Amino acid sequence: MIDPLVLRTDPDRIRESQRRRGENVELVDELVAADIAKRQAQTAFDELRSEQKGLGKRIGPLQGALKKAGTDEARQDAQTELDSLMTQAQALSDRVKEAERSAAAAGDVVDALWLQVSNLVNLESPIGGEEDFTVLEEVGTPRDFEAEGIEARDHLELGELLGAIDVERGAKVSGSRFFYLTGPGALLEFALLNLAMQQAVEHGLVPMITPSLVLPSAMEGTGFLGQAAENVYRIEQDDMYLVGTSEVPLAGYHSDEIIDGDRLPLRYAGWSSCYRREAGSYGKDTRGIIRVHQFDKVEMFVFCRPEDAEAEHAQLLAWEREFVDALEIPYRVIDVATGDLGSSAARKFDIEAWVPTQGTYREITSTSNTTEFQARRLRIRMRDGEQTRPLATLNGTLCAMPRVIVALLENHQQADGSVAIPAALRPFLGGRSAFTPVQ
RNA sequence: GGAGGCAUCGCCUAGCCCGGUCUAUGGCGCCGCACUGCUAAUGCGGUUUGGGUCUCAAGCCCAUCGAGGGUUCAAAUCCCUCUGCCUCCGCCA
């Protein structure tokens, strides 16, 4: 959610943001009107309630006086006054209840509208849709397999050759877009997990293993029940959701809390399974494990002062690059365009790894600066001297297993179908320097 | 799954039976001031969070006693539902 003060003082800023995202601009006008209506209703209730409390404050003592009254005359006077007050109070009671209902209803209208408004975009973000990103940098050089005289195999062929990936049985047991990592594949994931966590801990992030099933409040607070809702698995019987990223439980970790300013930034590295319905991507990436319904991921998450958020964002990107560098995979960094940010992000950088058999770069990490948007929704605040105010949250992928495995296998493959293991990963694989085809 | 207990403004705690000066008690912690070579001690004052009003601030008003409903002129207090924690029983590992 955006600071309501912006709506009252500079609604054009929100309109411009919605426009750049290609989202509903009229929403802002509805919100302006609803916000005014809500405040009027609230004030009306406050005044009636105040009146009611004033009456109540006189009735109590009067009843005491009535009991203690010494003479019939005194008793009579007290009774008369009490009756009069009670009549007024009874009449007021219905009006108070009515005003309370109106105020609550007006508040609900405003809340529902706010949930539809996306975060204010950063004005540096390139404007446009999915294809309108800016390339910030290209790192490493894709191998020229033709020059090496190698017929490049794709990750699935390699994975099957190595006995590392089994999608056929994944489909047999769970349906399409499910897979097994077997033998060396499973060991590879553990190695990647260990390398990622080692790096995270070196940088002072707190390692976390999070729930992957969460309540609606956590899902909504992180902004995944908006346009992204169709990609979320819902457990209807228990009214819970399977998370698509540990960003959700990590953000929710401090919900409803007020954190001392001098404890910030708080940085975490969460490990969890991630579940995505992949609705609307029928026919896309149907081969292999590039797009799957369930995978594991190490995700970084930061709570910091809003004024430090951009620096933290740069830091997260640097740590993502460090990890991909260690795996010796060629990649590029892109500045994601406004139409492709998702509702929470003000700015987003993706790292895309070179995938030889596709002759293109594919997303393997994504880091978002969600500014105060999620913190407001989840009621996470910081104590800053005298005042209490929302903090900023950021997230970034450290290692999304399937896509890293894809990039690793394809980029490091050898003529005989074996795959070289980058030096950084070897300590976590018993010193092995390559995976070799079975039999 | 069954039975019972508990949930109060950072932490602990009083209040609930019997509704109304509750504007929620006291202690600890914390902040400010005073006193004092310094520190400590002591004294005084302050210390939930959110919203509204207001140019700002101050002030004032409203809400907030786990959450949501209800009863009532009036709810921390009475009733119902839910959530979490604890104890016991059952079941499973």
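Residue numbers begin at 1 in each chain, while the letters A, B, ... track the order of the sequences. This is a predicted model, so every value here is computed, not measured.
- Within the 4.5 Å cutoff, the side chain of Leu162(A) has heavy atoms near those of the Leu409(A) side chain.
- For the atom pair OG (Ser174(A)) and NE2 (His293(A)), the distance works out to 10.0 Å, reported to the nearest 0.5 Å.
- Screening residues 87-107 of chain A for side chain to side chain donor-acceptor pair (under 3.5 Å) gives no qualifying pairs among residues at least two apart or on separate chains.
- We find that CG of Asp262(A) is positioned 14 Å from P of C30(B), with the value rounded to whole Å.
- Map Asp35(A) and Gln90(A) each onto its nearest nucleotide of RNA chain B; the residue landing nearer the 5' end is Asp35(A).
- Taking NZ from Lys297(A) and OG from Ser212(A), the interatomic distance works out to 12.0 Å, rounded to the nearest 0.5 Å.
- The existence of a salt bridge linking Lys348(A) and Asp335(A) is excluded, since no basic side-chain nitrogen approaches an acidic carboxylate oxygen closer than 4.0 Å.
- Partners of Tyr253(A) by ring pair (Phe, Tyr, Trp, His ring centres under 6.0 Å), not counting sequence neighbours, listed by chain and number: Tyr268(A).
- At least one side-chain nitrogen or oxygen of Arg8(A) sits closer than 4.0 Å to the OP1 or OP2 atom of G52(B).
- For Arg20(A) and Glu16(A), the salt-bridge test passes: some basic side-chain N is under 4.0 Å from an acidic carboxylate O.
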Please write out the pairs of protein N or O atoms and N or O atoms of nucleotides 62-64 of chain B separated by less than 3.5 Å, giving the distance to one decimal.
unit_1 : atom_1 : unit_2   : atom_2 : d
C62(B) : OP1    : Ser50(A) : OG     : 3.4
C62(B) : O2'    : Asp46(A) : OD1    : 2.7
A63(B) : OP1    : Arg49(A) : NE     : 2.3
A63(B) : OP1    : Arg49(A) : NH2    : 3.2
A63(B) : OP2    : Lys53(A) : NZ     : 2.8

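- The side-chain heavy atoms of Phe224(A) and Val243(A), taken from C-beta on, include no pair separated by under 4.5 Å.
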Please tabulate, for side-chain N and O atoms in residues 185-201 of chain A, each donor-acceptor pair with protein atoms closer than 3.5 Å (sequence neighbours left out).
unit_1    : atom_1 : unit_2    : atom_2 : d
Asn194(A) : ND2    : Phe190(A) : O      : 2.9
Gln199(A) : NE2    : Trp319(A) : O      : 3.0

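- Heavy atoms of other residues, nucleotides or ligands lying less than 6.0 angstrom from CZ of Arg169(A) number 12 at most.
- Note on Leu92(A): nothing from the nucleic acid sits closer than 4.0 angstrom, heavy atoms only.
- For Gln52(A), no side-chain nitrogen or oxygen approaches OP1 or OP2 of C73(B) to under 4.0 Å.
- With a 4.5 Å cut-off on side-chain heavy atoms, Glu51(A) and Glu47(A) do not count as touching.
- Atom C1' of nucleotide A74(B) and atom CG of Leu48(A) are separated by 15 Å, given to the nearest angstrom.
- Here U49(B) presents its C1' atom at 6 Å from CZ of Arg381(A), a figure rounded to the nearest Å.
- When the C1' atom is used for both C22(B) and U77(B), the distance is 11 Å, rounded to whole Å.
- With both ends at atom P, the span from U71(B) to U23(B) equals 23 Å, rounded to whole Å.
- Across all strands, Arg379(A) comes closer than 4.0 Å to no nucleic acid atom at all (heavy-atom distances).
- For A57(B) and U42(B), the P atoms lie 38 Å apart once the distance is rounded to whole Å.
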Write out a two-atom table: protein N or O, nucleotide N or O from nucleotides 65-71 of chain B, distance below 3.5 Å.
none

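- Rounded to the nearest Å, the gap between the P atom of C16(B) and that of U72(B) is 24 Å.
- The P atoms of C61(B) and A24(B) are separated by 13 Å, rounded to the nearest whole Å.
- Distance from the side chain of Thr43(A) is smallest to G52(B) among G52(B), A74(B), G50(B).
- Within 4.0 Å of Thr388(A), counting heavy atoms only, lie sugar-phosphate atoms of the nucleic acid but no base atom.
- When the P atom of U53(B) is taken as reference, atom CG of Leu5(A) falls 11 Å away, rounded to whole Å.
- Remark: Glu307(A) CD is packed, more than 12 non-hydrogen atoms of other residues, nucleotides or ligands lying under 6.0 Å away.
- Nucleotides A58(B) and G50(B) are separated by 15 Å at their P atoms, to the nearest Å.
- At a threshold of 4.0 angstrom between heavy atoms, the contacts of Arg383(A) are confined to the sugar-phosphate backbone, with no base atom among them.
- Atom P of C78(B) sits at a distance of 25 Å from the matching atom of G2(B), rounded to the whole Å.
- Across the C1' atoms, G26(B) and U87(B) are found 29 Å apart, a figure rounded to whole Å.
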Pairing pattern in dot-bracket form [Watson-Crick, G-U; both distances under 3.5 Å; | = partner strand] for RNA chain B: ((((((((.[[[..)....(.....]]]((((((.......)))))).(((((.....)))))..[[[[[..)....]]]]])))))))....
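- Arg19(A) CZ to Thr338(A) OG1: the interatomic distance, rounded to the nearest 0.5 Å, is 12.0 Å.
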